[in-house]
Amino acid sequence: MTDLIVTLDGPAGTGKSTVSKAVADRLGLPRLDTGAFYRAAGLAALRAGVDLDDDRAVADVVAGKVFDQEEGRMYLDGEDVSAEIRGQPATAASSLVSAHPDVRGLLVVFQREWVARHENRAVVEGRDIGSVVFPHATLKIYLDARPEVRAQRRAAQTGLDRAEVLDELSDRDRRDSTRNASPLIVPDGAIVIDTSDMTVVEVVDVIVDLARRVAA
Ligand code: DC
């Protein structure tokens, strides 16, 4: 079978996760959530008690672990850590460790190996997928939305205050797009979809249609 790699990048609150799941289902492909790898790396570093600001120390921990994901569940050395990586400690830790070049280098290799094990046919979601992990992907999508809309969606999901969420999102955007290691950018050749005024179904339809066309 020929390779079919669909990448989905973009900031938080654009619907990446929901959209990538639905696109993968419709195309009959597995989906890889790379954010879960960074979260699991943060959790592993926390458990090991190393300094989260120390790239080399965190990378040494990450290098000794097995990262896997199946059916949307995340496994660290075979342990299902899906719930724990969504908690506040692992979320905060993932944000710190994802800024480190050595940690990123390792996780990028693990992500490529995962896709290779899945016959190079997958929907892969993250921040640097079309730019760094799979620059030669079959189809690259960049999801975007106005900050107020993204904050509104996050607030509805989490029950938190919208103004607070907007502040936090703006901070995170600034950190993600200005960091030295793999900043969040629109990858070369990516199709940008502004989801602000679209339903999930509409976004999914557009992507599935594009994927079928490029794969034909
Ligand atoms: O998408 P998420 O919130 O699960 O991502 C968790 C953290 O990992 C977040 O700080 C962004 C970062 N991340 C990254 O730097 N590169 C990726 N490909 C995916 C996530």
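Just so it is clear, the structure is predicted and the values come from calculations on it, not from any experiment. All ligand and atom numbering here is 1-based and tracks the order in the structure.
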Output side-chain donor-acceptor pairs under 3.5 Å for residues 5-13, partner residues at least two apart or in another chain, one line each.
residue, atom, partner, partner atom, Å
Asp9, OD1, Arg127, N, 3.3
Asp9, OD1, Asp128, N, 3.1
Asp9, OD1, Ile129, N, 2.8
Asp9, OD2, Ile129, N, 3.4
Asp9, OD2, Gly130, N, 2.8

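Remark: side-chain polar atoms of Thr195 are paired, donor with acceptor, to backbone N or O of Asp144 under 3.5 angstrom. In this structure, Arg146 contributes its side chain and Glu148 its backbone to no donor-acceptor pair below 3.5 Å.
Legend: ring pair (Phe, Tyr, Trp, His ring centres under 6.0 Å) pairs involving residues 45-80, not counting sequence neighbours, sorted by first then second residue: Phe37-Phe67, Phe67-Phe110.
Near ligand 1, Thr34, Gly35, Tyr38, Arg39, Arg86, Ser94, Ser95, Ser98, Arg104, Gly126, Arg127, Asp128, Ile129, Arg172, Arg179 each place a heavy atom less than 4.0 angstrom from the ligand.
Between Arg154 atom CZ and Glu168 atom CD the span is 8.0 Å, to the nearest 0.5 Å.
Residues meeting the side-chain contact (heavy atoms from CB on, under 4.5 Å) test with Ala90, sequence neighbours left out: Leu43.
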